[in-house]
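Atoms within each ligand, like the ligands themselves, are counted from 1 in listed order. For the numbers below, each heavy atom of this structure counts, side chains included, while hydrogens, waters and symmetry mates do not.
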Amino acid sequence: MVVTSCPTWGQLLATSILISTCLAEPIPHTSEVQLRALPNSPSGDYAPAVVPCPQDRPTVRSAQKLSQQETSWLERRRKATVDPMIKLVERNKIDGFDAGAYIRNAADNDLSSLPNIAIAVSGGGYRALMNGAGFLAAADDRTTDSTGPGGIGGLLQASTYLAGLSGGGWLVGSIFANNFSSVEALRNGLSPDTDVWNFTNSIFAGPGESFLQKTGYWFDIVEQVGDKADAGFETSITDYWGRALSYQLINAPKGGPAYTFSSIAEVDHFRNAETPFPILVADGRAPGERIISLNTTVFEFNPYEMGSFDPTVFAFVPTKYLASNFSNGVIPKDGSCVNGFDQLGFVMGTSSSLFNQFLLQNISAADTKIPAIVVSAIEKILASISNDNNDIAQYAPNPFYKYNPSTNPSAESPELSLVDGGEDLQNIPLHPLIQPTRKVDVIFAVDSSADTPYNWPNGTALRASYDRSLLSDIANGTLFPPVPDANTFINSRLNQRPTFFGCDVRNFTSGNGAPPLVIYIPNAPYSAYSNVSTFTPEYTSSERNNIIQNGYDVATMGNNTVDGSWTTCVSCAIFSRSWARTNTAVPQQCVDCFDRFCWDGRLNSSSTSLTENYEPGFIVGGEGASGTKDNAASGLSGMGMGMAVAGVLSLSLAL
Ligand SMILES: *[C@@H]1O[C@H](CO)[C@@H](O)[C@H](O)[C@H]1NC(C)=O
Ligand SMILES: *[C@@H]1O[C@H](CO)[C@@H](O)[C@H](O)[C@H]1NC(C)=O
Ligand SMILES: *[C@@H]1O[C@H](CO)[C@@H](O)[C@H](O)[C@H]1NC(C)=O
Ligand SMILES: *[C@@H]1O[C@H](CO)[C@@H](O)[C@H](O)[C@H]1NC(C)=O
Ligand SMILES: *[C@@H]1O[C@H](CO)[C@@H](O)[C@H](O)[C@H]1NC(C)=O
Ligand SMILES: *[C@@H]1O[C@H](CO)[C@@H](O)[C@H](O)[C@H]1NC(C)=O
Ligand SMILES: *[C@@H]1O[C@H](CO)[C@@H](O)[C@H](O)[C@H]1NC(C)=O
Ligand SMILES: *[C@@H]1O[C@H](CO)[C@@H](O)[C@H](O)[C@H]1NC(C)=O
Ligand SMILES: *[C@@H]1O[C@H](CO)[C@@H](O)[C@H](O)[C@H]1NC(C)=O
Ligand SMILES: *[C@@H]1O[C@H](CO)[C@@H](O)[C@H](O)[C@H]1NC(C)=O
Ligand SMILES: *[C@@H]1O[C@H](CO)[C@@H](O)[C@H](O)[C@H]1NC(C)=O
């Protein structure tokens with residue numbers, strides 16, 4: 001947009017020419033944590049741009065194998081996980097088993113027996129971001145006291161993959177956009193009032209205090225999205241949403257409009273394989289489709305590639321070259337190469353496009369404090385976007401245009417429509433992690449879904465992934481351990497403490513091997529009511545900190561106070577699949593762990609007063625904790641556990 005002079009308010013309203021330079025520069029979250037991905041968009045701003053095609057023109061490749069880049073990165077990453085893994089399992093010792101020696105031997109002599117760990121963080125808006133952040137804080141050896149007794153610090157450093165979806169994608173995206181900063185650093189900043197995650201002002205109000213700052217925020221967003229449209233690219237509400245999100249999650253002026261998802265691959269931390277491999281998930285919406293069904297194509301974004309392992313598309317394209325003119329997998333001579341379409345906030349917005357509604361429905365709400373002049377300018381633009389498709393992110397040109405036309409639902413469509421990764425009910429991003437080619441052994445699946453009336457999870461996300469694994473047309477070789485119905489989750493308290501699914505590899509006899517062991521980490525009230533509504537747009541620092549702390553307490557079972565064996569059982573979970581591969585006898589302490597934490601296949605599907613009004617009280621205590629403490633035994637019985645650690649159990653339910 002070329003601007004010669006500053007318009008008046010009236011002109012602004014009439015023409016939607018929005019020039020932030022005519023306003024006071026908005027003050028973004030000023031943090032001294034100068035940590036970023038890279039602002040490498042060729043336009044230097046939000047708009048993608050045509051670039052000269054490289055000598056080797058980018059192509060679409062079949063998903064039969066992992067990419068060459070991921071494969072060679074993994075060689076380095078798997079080695080980099082060895083030391084952190086040894087530290088973790090030597091701290092959380094298994095009696096009678098030399099865990100350190102086992103891992104050293106695997107690293108030196110037989111890499112295929114080295115445990116391969118992944119973490120998946122569910123959707124659920126800010127609740128999912130904050131609760132997931134609590135888990136990652138507990139798993140991160142950089143977090144204060146996370147490697148003390150009862151801690152699981154180092155699990156993050158020992159992990160190969162870290163996947164996020166929707167609100168969980170904001171978490172993963174924010175961490176990687178900010179140079180793999182720790183949760184603690186993003187939460188605290190380096191000095192008072194410099195925190196990156198400042199949710200005091202809602203995403204609608206924007207950062208800053210003054211009228212001009214707030215006005216500037218929305219004018220900038222409208223201008224940035226306008227630039228993308230002016231450059232010839234289709235825009236959707238997701239562009240506005242992703243931009244707004246970036247101001248809250250990316251610590252750079254104006255929400256880092258030039259930061260791309262693919263730039264993560266250029267950052268030293270990632271290049272040196274010092275971080276896990278980040279993956280964000282979105283669902284495909286076939287032309288004409290409205291409701292997303294379980295067999296919809298699931299797409300992933302990673303720093304190298306975007307695409308799907310599903311047999312419909314079964315292909316990947318370089319993330320950096322999204323929006324280039326691919327046709328049947330190649331860019332024809334007269335087609336252009338494009339960079340900068342994979343803008344980081346846009347990718348986070350794609351994975352969370354369900355929140356487009358949130359933006360639409362709140363933008364004009366009186367209490368959002370968005371200046372009226374901005375509201376009308378934005379509404380004018382939004383009005384031009386088709387209403388029944390307002391939850392989509394438009395990827396045009398379609399990277400898989402004319403590719404796999406016999407099975408690809410969007411093969412004939414010039415655009416690929418993507419929606420929130422949770423719309424198929426698989427609200428935990430497990431899909432990329434159960435792909436047999438990735439050979440993941442164990443997934444820590446953090447679930448902050450709002451399934452019950454009070455916003456607690458009841459296993460729906462796991463059931464969706466299990467059910468999908470049974471749909472032979474779409475599963476394409478993926479396996480998933482069986483999980484029970486929602487009533488069993490609630491009656492047997494499988495949603496109040498970590499629960500392992502798929503413990504016994506002998507249960508998978510199809511010859512396709514076994515799926516990863518799934519360690520379900522459900523959001524539950526350990527020390528705070530972390531069940532805030534998905535659509536709450538603002539949080540005080542103490543609300544934020546309490547929910548992050550609760551996620552930490554869930555991850556550590558209150559530093560082992562709820563179950564003294566928990567951290568050792570995490571070590572057992574890490575080794576379980578590897579032991580099966582190397583025919584190693586399971587140490588007795590781990591036999592006990594699996595007895596305590598594995599779902600034993602028993603159902604309690606009855607509708608009870610508990611399932612009808614699931615309203616759990618604090619598990620380790622918290623503000624106003626007053627629940628009765630009479631449910632410890634029943635909380636454990638459904639899991640085939642004996643009465644645990646006398647005295648320390650305080651699993652309380654406000655019945
Ligand atoms: C990213 O973090 C690493 C170490 O944590 C640091 O050495 C590096 O300078 C940081 N990069 C930027 C651009 O801040
Ligand atoms: C969050 O931002 C607001 C201004 O938008 C500021 O007043 C407040 O001090 C910040 N809070 C923290 C904890 O940084
Ligand atoms: C998904 O399932 C529906 C019916 O359940 C079917 O019509 C459709 O063809 C399936 N799509 C794919 C890609 O398998
Ligand atoms: C997955 O789907 C692709 C494309 O249809 C097919 O070539 C491949 O063999 C399938 N893989 C498995 C394990 O079924
Ligand atoms: C390339 O994509 C642009 C944007 O969609 C489109 O306008 C143009 O016609 C395409 N060119 C070719 C050769 O496909
Ligand atoms: C904001 O959006 C959410 C989700 O669409 C909706 O439930 C809520 O009522 C809206 N709030 C206001 C103040 O309009
Ligand atoms: C479980 O969650 C689903 C939504 O995810 C909900 O429809 C169902 O009613 C819930 N069931 C129970 C018993 O909470
Ligand atoms: C099923 O769950 C209910 C509610 O927690 C409990 O009262 C009942 O004893 C359980 N039944 C069995 C067989 O475990
Ligand atoms: C667990 O330990 C951490 C780190 O020392 C601490 O912040 C937290 O309050 C502890 N939680 C409980 C429930 O004791
Ligand atoms: C695994 O197999 C055993 C033996 O067949 C069975 O008792 C158990 O219920 C199965 N577990 C699950 C979770 O299906
Ligand atoms: C959070 O859960 C508690 C009980 O588990 C319930 O009383 C409260 O109403 C819930 N809050 C929200 C916002 O759903």
With respect to Y529, determine whether any N or O atom, backbone or side chain, lies less than 3.5 Å from an N or O atom of ligand 11. no
Pull out every atom of ligand 11 sitting under 4.0 Å from any heavy atom of E615, numbered as shown with elements. 4 (C), 5 (O), 6 (C), 7 (O)
Take every heavy atom of G232, measure it against each atom of ligand 5, and state whether any distance is under 4.0 Å. no
Ring pair (Phe, Tyr, Trp, His ring centres under 6.0 Å) partners of F346, counting only residues at least two apart: F341, Y395
Is any side-chain heavy atom of Y126 closer than 4.5 Å to a side-chain heavy atom of E543? no
Any side-chain donor paired with an acceptor under 3.5 Å for T147 and D145? no
Test of understanding: given a 4.0 Å heavy-atom threshold, classify the contact between Y454 and ligand 11 as side chain, backbone, both, or neither. both
So, T460 versus N458: side-chain donor-acceptor pair below 3.5 Å or not? yes
Whether Y539 and F199 hold their rings parallel, tilted or perpendicular, with breakpoints at 30° and 60°: perpendicular
For ligand 5, which is the ligand I care about here, please tell me if D334 has any N or O atom under 3.5 Å from one of the ligand's N or O atoms. no
Proximal ligand 5 atoms for P397, defined as those under 4.0 Å from one of its heavy atoms: 2 (O), 4 (C), 5 (O)
Any Lys/Arg nitrogen of K228 or E234 sitting under 4.0 Å from an Asp/Glu carboxylate oxygen of the other? no
Any luck finding a side-chain donor-acceptor pair between N427 and S449 under 3.5 Å? yes
Contact atoms of ligand 5, heavy-atom distance to N325 under 4.0 Å: 1 (C), 2 (O), 3 (C), 8 (C), 10 (C), 11 (N), 12 (C), 14 (O)
Do any nitrogen or oxygen atoms of ligand 9 lie under 3.5 Å from a protein nitrogen or oxygen, and which ones?
residue: ligand 9; atom: 2 (O); partner: N559; partner atom: OD1; Å: 3.0
residue: ligand 9; atom: 2 (O); partner: N559; partner atom: ND2; Å: 2.3
residue: ligand 9; atom: 11 (N); partner: D553; partner atom: OD1; Å: 3.0
residue: ligand 9; atom: 11 (N); partner: N559; partner atom: ND2; Å: 2.9
residue: ligand 9; atom: 14 (O); partner: N559; partner atom: ND2; Å: 3.1

Measure W456 to ligand 11 on non-hydrogen atoms and call it side chain, backbone, both or neither using the 4.0 Å cut-off. side chain
For P616, state whether at least one heavy atom is located under 4.0 Å from any atom of ligand 11. yes
Going by atom types only, do T260 and N40 share a side-chain donor-acceptor pair under 3.5 Å? yes
Determine whether the side chain, the backbone, both or neither of N455 has a heavy atom under 4.0 Å from any heavy atom of ligand 11. side chain
Output, in order, the C-alpha distance, side-chain angles, deciding distance and verdict of disulfide (SG to SG under 2.5 Å) for C593 and C572. CA-CA 7 Å; C593 278; C572 298; 3.8 Å; no
So F489 and Y520, would you call those rings parallel, tilted or perpendicular, with 30° and 60° as cut-offs? perpendicular
Please tell me if the side chains of Y454 and Y529 come closer than 4.5 Å, counting only heavy atoms from C-beta onward. no
